[in-house]
Student: 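Provided herewith is a single structure, encoded as structure tokens, for subsequent inquiry.
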Protein chains: 2
Amino acid sequence: MIQPRPRTIPEATVARLAVYLRVLSALADGGRSTVSSGELAAAAGVNPAGLRKDLSHLGPCGVRGVGYEVATLRDRISAVLGVERSRACVLVGIGNLGSALADYAGFGSRGFEFVGLFDAAPARIGQRIGGQTVRPIDELEEVVAATDASIGVITTPAEVAQSICDRLAAAGVRSILNFAPVTLAAPDGVDVRKVDLSVELQVLAFVGQQRLVPAVGEPA
Amino acid sequence: MIQPRPRTIPEATVARLAVYLRVLSALADGGRSTVSSGELAAAAGVNPAGLRKDLSHLGPCGVRGVGYEVATLRDRISAVLGVERSRACVLVGIGNLGSALADYAGFGSRGFEFVGLFDAAPARIGQRIGGQTVRPIDELEEVVAATDASIGVITTPAEVAQSICDRLAAAGVRSILNFAPVTLAAPDGVDVRKVDLSVELQVLAFVGQQRLVPAVGEPA
DNA sequence: GCGACTTTGTTCCTGCGTTCACAAGCGGTT
DNA sequence: AACCGCTTGTGAACGCAGGAACAAAGTCGC
């Protein structure tokens with residue numbers, strides 16, 4: 001019953017495992033039974049050696065000389081990522097972005113289930129999105145307690161994001177995904193991850209413009 | 001007229017500069033005139049030493065013993081990131097997520113201007129979002145050529161993302177931000193950056209669950 | 001049954017990003 | 001005018017991720 005696995009998988013690897021999982025699911029749907037690391041790496045846009053190293057964190061799961069069995073590897077990654085278990089999530093801020101997330105079917109198949117959608121605007125309350133009804137923010141703590149939700153997603157305006165973060169943390173949420181353009185402070189034990197869409201665009205634009213002027217002071 | 005700057009700013013630094021810029025703008029609006037690296041780092045959620053190293057890429061821009069002048073530093077970062085110059089962007093796929101991006105006011109103040117919104121669904125064509133009218137995809141090449149757009153954002157379903165990517169690249173777009181859950185292939189000279197919302201959630205959930213079982217085989 | 005080929009799993013190495021620690025420099029004070 | 005405290009900017013060490021090369025292992029063909 002020992003686990004010889006180091007049990008600590010690098011975060012970058014986890015992110016790529018999620019990508020592999022998606023590619024493998026597509027391959028399985030296409031009726032494919034085995035893949036080589038090179039092929040899988042090409043489909044995922046990574047280096048073959050890196051892919052094998054990522055997979056090595058799961059223990060040996062390929063056959064030398066042949067490759068990886070698609071269905072087996074998919075199930076293995078699913079198990080490690082915990083896709084089987086359904087995770088209860090709450091989403092606060094049902095604007096355009098919040099609606100997009102609530103409506104995104106991709107989450108359900110990855111083990112995420114939205115058990116509560118909240119907004120402050122009375123006009124939004126009662127709307128049905130993705131099988132859920134939008135509730136007033138007052139009910140946040142109540143729903144989190146009743147559903148034991150461990151994940152909270154913030155898509156509110158920046159001004160109220162911190163207060164929502166505080167309430168989520170106090171209600172028992174352990175992981176928060178923040179789309180608001182502010183840096184949130186959370187107590188120990190609560191993990192906050194930030195996704196800033198405008199920063200992504202900014203970086204993209206910068207590397208693009210940087211590539212256009214690569215020879216300004218080139219040493220002859 | 002020489003540029004003693006190494007001229008190559010690490011990508012991770014660029015991403016943080018965008019964050020600093022936002023914090024500095026907020027400080028300036030609040031009437032603040034100077035900040036120390038420690039204070040700025042706390043507001044941005046990073047290490048003070050790392051912040052100073054990031055800023056060192058811009059050349060000396062602080063005063064020892066005092067700190068940084070808020071307005072000056074803000075303008076300096078703006079200049080480096082190229083926020084002044086307006087960049088023409090096209091957005092393909094006006095679903096919930098596309099609408100959220102088109103409607104997001106934060107882009108305009110960062111130098112990004114959407115000059116074309118495109119969708120395949122006839123029902124969406126003609127809608128007005130964020131000051132623009134949704135057009136049919138057929139007009140994509142025409143608009144890119146007319147506006148000289150250098151940035152494309154893909155928020156379409158996964159199945160058509162690659163074909164849109166090909167068309168954007170062929171039309172002359174140099175930088176592509178992809179929200180579709182597929183790995184895109186683009187010709188050399190075209191930079192593709194991917195943002196996968198479900199991967200972010202997956203990583204968040206994984207580190208959260210990993211934290212709950214840290215002592216399974218702990219060596220006494 | 002044996003050899004050769006293919007592909008995995010691992011190891012080494014290089015480069016980058018991050019963090020710590022210290023010297024340099026400026027303002028305020030006496 | 002000189003001292004002192006504070007903060008920046010930079011140099012060095014550490015840790016980590018990424019990439020390439022190699023050995024182990026299994027399969028296919030003869």
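Just so it is clear, the model here is predicted, and its values are computed rather than measured. Any value given below was found using the heavy atoms of this structure, including those in side chains, with hydrogens, waters and symmetry copies removed. First the proteins, then the strands, lettered A, B, ... as listed; each starts at 1.
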Student: DNA chain C: A/G65 or A/G62, which has the more 5' nearest nucleotide?
Tutor: A/G65
Student: Does A/T155 use its side chain to pair, donor to acceptor, with the backbone of A/V92 at less than 3.5 Å?
Tutor: yes
Student: Take A/L73 and A/V35 through the test side-chain contact (heavy atoms from CB on, under 4.5 Å) and record every step on the way to the result.
Tutor: CA-CA 10 Å; A/L73 185 56; A/V35 248; 5.7 Å; no
Student: Would you indicate, yes or no, if D/dG9 has its OP1 or OP2 atom less than 4.0 angstrom from a side-chain nitrogen or oxygen of B/Y68?
Tutor: yes
Student: After noting the C-alpha distance and the side-chain angles of A/V83 and B/Q202, does the key distance pass the side-chain contact (heavy atoms from CB on, under 4.5 Å) rule?
Tutor: CA-CA 9 Å; A/V83 171; B/Q202 198 101 62; 3.6 Å; yes
Student: In whole angstroms, how far is the C1' atom of C/dT7 from the CG atom of A/L51?
Tutor: 13 Å
Student: Please classify the nucleic acid contact of A/G50 as base, sugar-phosphate, or nothing, using heavy-atom distances under 4.0 Å.
Tutor: nothing
Student: Go through the side-chain N and O atoms of B/S150 and B/D148 and say whether any donor and acceptor fall under 3.5 Å apart.
Tutor: no
Student: Considering only heavy atoms and no angle criterion, is a donor-acceptor pair shorter than 3.5 Å present between the side chain of B/K53 and the base of C/dT19?
Tutor: yes
Student: Does the D/dT8 base have a donor-acceptor partner in the side chain of B/R64 within less than 3.5 Å?
Tutor: yes
Student: For DNA chain D, whose closest nucleotide is more 5', that of A/V66 or that of B/S37?
Tutor: B/S37
Student: Give a yes/no answer on whether the side chain of A/R52 brings an N or O atom under 4.0 Å of OP1 or OP2 in D/dG19.
Tutor: no
Student: Between D/dT8 atom P and B/Y20 atom OH, what is the distance in whole Å?
Tutor: 13 Å
Student: Rounded to the nearest Å, what distance is computed from the CG atom of residue A/N47 to the P atom of nucleotide C/dT8?
Tutor: 13 Å
Student: Reckon B/S36 has a side-chain N or O less than 4.0 Å from the OP1 or OP2 of D/dT7?
Tutor: no
Student: Could you tell me how far apart A/L55 (CG) and C/dT7 (C1') are, to the nearest whole angstrom?
Tutor: 13 Å
Student: Could you state the atom-to-atom distance from CG of B/D54 to C1' of D/dT8 in whole Å?
Tutor: 14 Å
